[in-house]
Amino acid sequence: MLNQITGRHFYGRHARFDNAPGGMTEDEIRSAAPSVFATTAHESRSERFAPIPTIEILRGLRKEGFVVVGAKQSVTRIPGKDDFTKHLIRLRKEGDNSFAVGDTVAEMLLKNANDGTSVYDLFAGLFRIACLNSLVTMSQNVSAVKVRHTGKNVIDNVIEGTFTVVEDAKLALAAPQDWPKIVLDREERLAFAEAARVLRFGDEEGNVNTPITANQLLTTRRSADMENNLWVNFNTIQENAIRGGLKGTRIDTTVRRGRRRVTTRAVNGIDQDVKLNRALWTLANEMAKMKGWKSPQEAAATA
C-alpha cells in the first residue's frame, strides 16, 4: 500500500499517498515542526522584525483547498529557539491524491522562520513517489516568492505571492513529461554524474576530495530506474546524492593500514537540501537544453 512507503527524506512517516483526504492535521504538523505555530518573533529580533505566522498562511491556504503533506524543522542548540526556528512545509491541492508508485506530483514548498534565520520563501517542487525524493525546481519558468520580515503589508505580500506560485507551479510538470524522451549516451550520463559529484562533494573552489565516483551516483536502487533517459538518470543521481549511503575507501596515512572506509551521509539540513536540489535541477535543465529540449513557454514563443 502506498501509505506504507517510507524514506529518509523529510516526508518521513507523514507522507500522504494513501488517498486519505485532509493532509496532515495541525497536531501532526505541531509534532513535526512546532515552530510553524509561532505568532510572535523570537526575543533576539528587534522591533523592526515583522513575524510571519506560518500557521495563519497554512490555514488560509487550506480554505483555498491546499493541505500540508510534509513538514520538517531545523535543529537548534539555542535554548528557547525551537518554537521559532526554520521550517519547511510541503503543500498539495486537496483532491490530487490518486497516485501510484512512480508518479511525479507537483507541489509547493514553504520555508519560513521567526528567529531571523530565513525569509518567507515559497517555491514550486516535484515529488517522485517511487523513492520519496524531492526535486526542487529552479527554473525561470516557475515563479517563487520571497518576503523579508520587515516593512509594511508583509502578510498581504505573502498572500499575493503565494497564489502566484500556486498557479505557476503547474509548469513544473513539463519536465517529467518530456525528459523521459531525452536519451543520454554513456558519456553524457557520466558527464552529468561528474558535474553532480562536484555539486555534492566539492568545496567552494570546485575541488573534490572524496573516493565516491560518478559511477556510484549512477547506481540504480530499483529495476524501474534502469533506463538511459534524462528523467530517470536525474532521479537516480539526485537520490544517491541526497540520501547518502554510498561507500568508498580513502587513502589515509593516519590509520594503520593506510585506508579508511567512508560512507556518505544523507543531506538533512533544510538549506543544504534546498540548495543541492536546486543546483541539480538547474544542471538537468541545462542538459535538457543541450539535447534540444524547450520548455512549453519557449516552444510557444518560437512557434
Side-chain angles (χ1 to χ4, degrees), residues 8-12 14 23-62 66-92 107-125 127 134-138 142-166 169 242 266-279 281:
R8 297 183 62 182
H9 212 269
F10 65 79
Y11 257 101
H14 292 310
M24 292 175 67
T25 66
E26 289 196 3
D27 285 342
E28 289 175 323
I29 297 171
R30 190 185 297 274
S31 175
S35 60
V36 166
F37 293 83
T39 57
T40 59
H42 184 257
E43 60 183 12
S44 63
R45 300 299 91 197
S46 70
E47 294 182 357
R48 295 176 55 192
F49 186 92
I52 301 176
T54 301
I55 187 58
E56 292 184 11
I57 304 299
L58 297 182
R59 288 168 178 167
L61 288 171
R62 179 175 284 275
F66 290 89
V67 296
V68 174
V69 292
K72 175 185 179 179
Q73 80 172 45
S74 295
V75 176
T76 178
R77 297 180 180 180
I78 301 176
K81 267 200 172 185
D82 282 337
D83 292 334
F84 300 89
T85 197
K86 187 184 307 175
H87 46 265
L88 188 63
I89 307 298
R90 302 187 75 104
L91 296 127
R92 191 187 310 142
E107 299 178 344
M108 295 187 297
L109 290 84
L110 188 163
K111 184 172 69 168
N112 189 31
N114 284 304
D115 63 355
T117 57
S118 176
V119 299
Y120 175 93
D121 189 4
L122 184 77
F123 45 96
F127 189 84
S134 72
L135 314 174
V136 179
T137 64
M138 183 60 175
V142 181
S143 66
V145 58
K146 293 179 182 286
V147 179
R148 296 189 178 279
H149 292 253
T150 57
K152 298 179 180 180
N153 302 321
V154 171
I155 297 298
D156 290 341
N157 292 336
V158 165
I159 294 174
E160 180 180 356
T162 295
F163 285 103
T164 299
V165 176
V166 168
I242 297 292
V267 178
N268 292 317
I270 289 175
D271 286 340
Q272 298 93 325
D273 188 339
V274 171
K275 181 179 179 180
L276 180 57
N277 268 292
R278 280 176 162 166
W281 177 269

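All values below were derived from every heavy atom in this structure, side-chain atoms included, with hydrogens, water molecules and symmetry-related copies excluded. Note that the structure is a prediction, hence the values are computed from the model and not measured.
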Gap separating the [atom1] atom of [X] from the [atom2] atom of [Y], nearest 0.5 angstrom:
X	Y	atom1	atom2	value
Ile55	His87	CD1	NE2	9.5 Å
Ile52	Thr39	CD1	OG1	13.5 Å
Arg90	Met108	CZ	CE	11.5 Å
Leu109	Asp121	CG	CG	9.5 Å
Leu110	Leu61	CG	CG	7.5 Å
Asn112	Leu88	CG	CG	10.5 Å

Open item on the list: What I want to find out is whether Lys86 reaches Asp271 closely enough, with some N-O distance under 4.0 Å, to be called a salt bridge.
Closed with: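 Salt bridge between Lys86 and Asp271, a charged N being under 4.0 Å from a carboxylate O: yes.
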- [ ] Kindly confirm or rule out a cation-pi arrangement of Arg45 over Phe84, judged by NZ or CZ under 6.0 Å from the six-membered ring centre and within 45° of its axis?
- [x]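 Checked: cation-pi criterion not met.
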- [ ] Please determine if Arg30 forms a cation-pi arrangement with Phe37, meaning its NZ or CZ atom is less than 6.0 Å from the six-membered ring centre and no more than 45° off the ring axis.
- [x]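 So Arg30 does make the cation-pi contact.
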Name each donor-acceptor pair under 3.5 Å that joins a side chain in residues 73-80 to protein atoms two or more places apart or in another chain, with its distance.
residue: Gln73; atom: OE1; partner: Ser35; partner atom: N; Å: 2.9
residue: Gln73; atom: OE1; partner: Ser35; partner atom: OG; Å: 2.9
residue: Gln73; atom: NE2; partner: Asp82; partner atom: O; Å: 3.0
residue: Thr76; atom: OG1; partner: Ile78; partner atom: N; Å: 3.2

Open item on the list: Can a side-chain donor-acceptor contact be found between Asp27 and Thr25 if the only test is distance below 3.5 angstrom?
Closed with: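 Short answer, no.
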Open item on the list: Among residues at least two apart in sequence or on other chains, which ones pass side-chain contact (heavy atoms from CB on, under 4.5 Å) with Asp83?
Closed with: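 Residues passing side-chain contact (heavy atoms from CB on, under 4.5 Å) with Asp83: Pro34.
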Open item on the list: Looking at every non-hydrogen atom in both residues, tell me the closest pair between Lys81 and His42 and how far apart they are.
Closed with: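 Between these two residues, the closest heavy atoms are CG-NE2, 3.4 Å.
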- [ ] Say whether, by atom type as modelled, one donor and one acceptor occur between the side chain of Asn277 and the main chain of Asp273 under 3.5 angstrom.
- [x]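 Side chain of Asn277 to backbone of Asp273: a pair is present.
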